[in-house]
Amino acid sequence: MSKVTRRAILKASAGVACGFGLGWTGNSIRSALAAPEPRILKPRKIEAKLTGTDLTRDVLTYDDAGVPPVLRMRKGEAFAARLVNGIDEPTTIHWHGIRVPNKMDGVPFLVQPYVYTGDQFDYVFTPPDAGTFWYHPHCNTLIQMGHGLTGVIVVENPADPEFDAEVVLNLRDWRLGGDGQFIEQYRPRDAARSGTFGTVRTANWIEQPQYDAPSGGLVRLRVAITDVTRIYSFRVQGSGATVIAIDGNPVPQAFPLDLLQLGPGQRLELAIRMPDNEGALVSLEDIRGTKSAVLATLRSVGASLRRDARDLAPLEPNPIDQVDVASAQHIRLALSATAENVSTDSICGSLGYSFWAINKVPWPGDTPDPTAPLAELKLGKSYVIDMENLTPQVHPIHLHGMSFKVLSSSKRQIQPQITDTYLIQADEKVQLGFVADNPGDWLLHCHIIEHQKTGMTSYLRVV
Ligand SMILES: [Cu+2]
């Protein structure tokens with residue numbers, strides 16, 4: 001058993017009360033001194049039931065069997081995990097969306113060495129923000145994530161409003177043939193367009209799972225898109241659903257879900273009021289593409305709790321520094337296609353093509369000699385990224401280590417949402433503001449993994 005007990009966390013956190021939040025310098029040292037018992041995460045190969053046909057071989061997971069565990073952390077309390085590499089290639093873990101110290105960020109070469117087969121690496125950090133996050137390798141990601149290594153993280157906040165039930169959905173596809181076995185993970189011609197889609201769609205590794213929820217109760221639905229390619233357009237049928245958080249941060253104002261588009265790496269939290277009548281179904285659907293797909297269903301059970309969604313208190317905002325737009329320096333960032341330079345060979349996987357670039361430079365892959373950073377930022381200063389998408393594709397652009405605020409868009413009405421991933425549309429120009437409050441080298445990349453691995457990656461340096 002590798003579960004971190006509640007008592008162990010409390011004991012550990014008592015010693016690091018001053019190490020929480022945004023006093024980043026030395027944070028990892030203080031956290032390490034008081035680290036709780038580490039949660040063992042051991043990537044391993046298993047056979048899993050993913051389709052109605054045969055068991056799928058060569059599935060990767062982090063736990064005994066089946067879907068990687070939902071990791072539960074608490075805002076402001078130390079968390080520790082020990083990665084024990086049980087697969088026959090190097091790996092790492094990245095804590096997507098969590099503002100961790102740079103050395104804990106899991107990017108090979110940029111911040112940490114590869115973790116080779118049989119080796120281990122201890123991650124220790126204190127999540128400063130509450131919300132829905134996820135974890136995955138940052139090595140040979142198209143294969144390692146494509147074969148299963150994507151798990152959800154819930155960071156709880158004792159001040160959260162009270163729901164009657166919580167359902168966590170890990171949404172992802174699998175590229176399987178008719179016999180239920182993996183087929184080639186990508187096709188170069190698709191990598192140069194919108195990416196190669198999976199053939200089997202799952203939530204928590206199940207096709208269209210159904211979960212019980214109390215009739216008339218309020219459900220907190222936490223959704224993480226951990227797929228390597230697919231962009232979703234969400235709707236809920238059978239009940240009203242209110243968007244309360246996106247990408248680990250409360251939305252400035254809760255709003256009814258109406259075809260919200262989110263891409264790989266992004267998260268959505270919904271408040272759903274279950275119907276009063278027992279047996280009634282509420283379904284989460286994706287309507288992007290040619291036909292709608294039911295992703296998962298909730299079923300009302302028991303006598304109605306007769307809850308009122310208006311009783312829910314809003315979520316507490318996370319402690320993100322406010323960008324000072326007036327004094328901010330601007331960083332120009334252009335996303336484009338490229339045919340120059342083939343990526344270098346890398347232990348962490350190279351697709352051998354360069355289709356994409358940031359500021360005309362395609363990322364060479366994981367190498368001890370990466371390109372220069374996009375910009376060198378001063379610790380504590382405000383910045384605005386002026387990002388422009390010169391391609392005909394949509395890109396979920398993800399920044400490690402810091403959260404940013406969406407300030408303006410040339411294409412749509414935006415809410416001033418705090419996030420770590422922005423889904424930029426074709427020909428869109430967007431302004432993203434943030435305070436450079438976390439020192440280190442922070443990757444910035446498209447989370448369509450084929451785009452990431454064929455050039456659309458770079459990094460910001462904060463000193
Ligand atoms: Cu992309």
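Counting starts at 1 for both ligands and their atoms, following the listed order. Keep in mind that what you see is a predicted model, and the values were worked out from it rather than measured.
- The distance between the ring centers of W134 and H398 does not fall below 6.0 angstrom.
- The distance between the ring centers of H445 and H451 does not fall below 6.0 angstrom.
- The minimum distance between the Cu ion (ligand 1) and any N, O or S atom of H395 involves atom ND1.
- K411 places a side-chain N or O within donor-acceptor distance of the main-chain N or O of A426, the cut-off being under 3.5 Å.
- Taking 2.8 Å as the threshold, H447 does not count as a candidate ligand of the Cu ion (ligand 1), since none of its N, O or S atoms lies below it.
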**Report entry** Full working for side chain to side chain donor-acceptor pair (under 3.5 Å) between R175 and T196
**Finding:** CA-CA 9 Å; R175 269 188 65 75; T196 311; 5.7 Å; no
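- Taking the Cu ion (ligand 1) as reference, the nearest N/O/S atom within H451 carries the name ND1.
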